[in-house]
Amino acid sequence: MKLSHLLQGMDPEILFCQIAMDELPNDACVMPLEKHPSSRSLYALRPEEAVRLLSHETGSHLNVFCAGALPEGYSPPAESNVVCFRASCAQLFSEAQRAFQKLRYECQAGNGQGSLLANIIEGKVQGGNQAGQLLQSLGIQSDTRFCLCALSFFGRLEDVPWEKVEEQFTAMIPHSVSYRYKCDILFLTSLEPSEILPVLDIPKLQLRLEEYNAYLAVSNNASRPMAIRVQYNQVKTAARFGIALRDQESKRIFIYEDYANYQIVEFCAEAYRNDLQVSDLVYLCHPALGSVLRYDRANGTNMAQLLRCYLDNDCNVSQTARESFIHRNTMLNKLDKLREILGVSMKDANIREQLRFSFHVVDYVEQYMHGTIF
């Protein structure tokens with residue numbers, strides 16, 4: 001008996017049926033017989049796909065899931081691939097969708113786009129003339145700049161509802177395609193010509209990140225597929241420094257550009273250790289900052305904090321006064337004292353840049369490495 005004929009006597013609401021992996025459409029789902037899905041599990045299609053396939057009389061290789069029971073008096077032969085469940089459509093579809101997403105992850109990691117992405121990150125793919133085709137195979141147009149976002153998790157990874165999380169964050173990160181890599185979910189995000197970084201709904205993302213005890217890191221943009229390897233390093237660097245240096249525990253979104261200087265400091269620290277056998281990074285700092293920090297320790301003042309705010313505001317006196325909650329005239333008096341302690345002119349752009357970099361060195365040593373400097 002053809003499977004389609006058999007189904008005519010069963011519950012008319014056909015739920016799912018099996019089909020070969022290479023024929024599986026993107027919107028399909030799976031209901032495996034096994035507890036842990038594999039490439040040999042039962043694949044499942046949406047009801048309309050099941051009806052279409054059965055109309056072609058291809059039942060010899062299909063497995064059908066029905067909400068009802070087999071016709072009265074009928075017992076399928078041992079080689080039959082008919083399977084029936086007494087369950088609601090919604091329950092079956094939900095279970096099937098979760099199982100299918102898990103299987104999708106495994107297939108991506110093994111031989112699909114996820115494998116290609118992993119090979120780029122791990123340096124197993126070399127650049128060439130097919131860069132455009134390589135990008136398109138990853139879901140990115142060849143003439144588009146893109147960023148890499150990484151979603152990572154605190155705590156027990158086995159408690160993460162991976163499929164649900166990926167679906168929700170893909171919807172919140174515009175123009176993105178997602179992949180699983182190691183313990184992260186990565187999003188390649190296409191940018192509009194006028195965009196430097198993806199436009200993110202920070203409050204909405206923050207709520208989801210809190211819900212799943214997760215954090216999101218965003219790389220700089222690029223246009224070449226080989227840059228993905230660097231971008232992956234950037235997102236991991238942003239997360240590493242962001243978590244260590246954040247001033248609020250609630251902060252869960254980290255942009256690499258905000259932490260790039262700390263990676264530069266780290267590169268310098270490695271060079272000092274390897275080339276000079278020196279571990280003291282005080283030599284990377286401008287001596288004038290040391291003078292300010294020592295003055296603060298001796299007098300219980302916050303002149304270094306004021307200096308940093310002043311530099312961050314491009315030496316705007318009024319803005320610095322507002323952010324420091326002091327009167328403008330008081331700010332001017334403090335600046336006069338700062339100039340005296342520094343012994344150098346902050347009108348010199350090179351001096352200002354060295355002082356700002358020196359603050360990053362101090363942060364790296366004291367907050368990231370938990371050491372002391374000056």
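Just so it is clear, the values below take in all heavy atoms, side chains as well, and ignore hydrogens, waters and symmetry mates.
Arg308 has a carboxylate O that lies under 4.0 Å from a charged side-chain N of Asp363, or vice versa, which qualifies the two as a salt bridge. Salt bridge status for Lys236 with Asp184: present, with a side-chain N to carboxylate O gap under 4.0 Å.
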**OP:** Test Ser345 against Ile351 for side chain to side chain contact (heavy atoms under 4.5 Å, CB included), laying out the working first.
**Re:** CA-CA 7 Å; Ser345 174; Ile351 295 295; over 6 Å; no
Subject >> Residues Glu167, Lys164; criterion salt bridge (Lys or Arg N to Asp or Glu O under 4.0 Å); working and verdict >> reply: CA-CA 5 Å; Glu167 179 181 354; Lys164 181 181 178 181; over 6 Å; no
**OP:** Before giving the answer on salt bridge (Lys or Arg N to Asp or Glu O under 4.0 Å), spell out for Asp312 and Arg356 the whole-Å C-alpha distance, their side-chain angles and the decisive distance to 0.1 Å.
**Re:** CA-CA 8 Å; Asp312 288 344; Arg356 292 193 65 179; 3.3 Å; yes
Subject >> Candidate pair Phe357 and His286, rule side chain to side chain contact (heavy atoms under 4.5 Å, CB included), full reasoning >> reply: CA-CA 9 Å; Phe357 183 75; His286 194 288; over 6 Å; no
Original post:
Should Leu216 and Arg252 be marked as a side chain to side chain contact (heavy atoms under 4.5 Å, CB included) after you check the CA-CA gap, both sets of side-chain angles, and the distance that decides it?
Top reply: CA-CA 6 Å; Leu216 185 75; Arg252 293 175 178 271; over 6 Å; no
**OP:** Starting from the C-alpha separation in whole Å, work towards a yes-or-no answer on salt bridge (Lys or Arg N to Asp or Glu O under 4.0 Å) for Glu266 and Arg240.
**Re:** CA-CA 12 Å; Glu266 190 167 62; Arg240 181 161 52 89; 2.9 Å; yes
**OP:** Applying side chain to side chain donor-acceptor pair (under 3.5 Å), run through Asn220 and Gln231 and close with a yes or a no.
**Re:** CA-CA 7 Å; Asn220 285 345; Gln231 289 178 319; over 6 Å; no
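The same ILVMFWY cluster, assembled from side-chain heavy atoms under 4.5 Å apart, contains both Met303 and Leu311.
Put simply, the side chain of Tyr310 does not reach to within 4.5 Å of the side chain of Leu338, judged on heavy atoms.
For Glu270 and Asn274, the side-chain atoms include no donor-acceptor pair closer than 3.5 Å. Side-chain contact annotation: Ser318 with Arg328, donor-acceptor N/O pair under 3.5 Å present. In this model, a donor atom of one side chain and an acceptor atom of the other lie less than 3.5 Å apart for Gln263 and Asn233. A donor-acceptor contact under 3.5 angstrom links the side chains of Glu323 and Asn313, judged on distance only.
Atom CE of Met346 sits in a crowded spot, with more than 12 heavy atoms from other residues, nucleotides or ligands closer than 6.0 Å. In Ile196, the CD1 atom is not crowded: 12 or fewer heavy atoms of neighbouring residues, nucleotides or ligands sit closer than 6.0 Å.
The six-membered or imidazole ring of Tyr212 lies away from that of Trp162, with a centre-to-centre distance of 6.0 Å or more. Here Phe241 and Tyr368 bring their ring centres to under 6.0 angstrom of each other.
Thr320 OG1 to Leu335 CG: the interatomic distance, rounded to the nearest 0.5 Å, is 7.5 Å. Here CG of Asn221 is found 9.0 Å from CZ of Phe146. Values are rounded to the nearest 0.5 Å.
Residues Ala150 and Leu186 come closest through the heavy atom pair CB-CD2, 3.7 Å.
Checked against side chain to side chain donor-acceptor pair (under 3.5 Å), Tyr215 has no partners two or more places apart in sequence or in another chain. With sequence neighbours excluded, the residues forming a ring-ring contact (aromatic ring centres under 6.0 Å, His included) with Tyr232 are Tyr181, listed by chain and number. With sequence neighbours left out, the side chain to side chain donor-acceptor pair (under 3.5 Å) criterion links Tyr283 to no other residue.
At least one donor-acceptor pair closer than 3.5 Å links the side chain of Asp348 to the backbone N or O of Asn350. At distances below 3.5 Å, at least one donor-acceptor pair connects side-chain atoms of Gln206 with backbone N or O atoms of Ser250.
Under the 30°/60° scheme for interplanar angles, the aromatic rings of Phe187 and Phe169 are found to be tilted.
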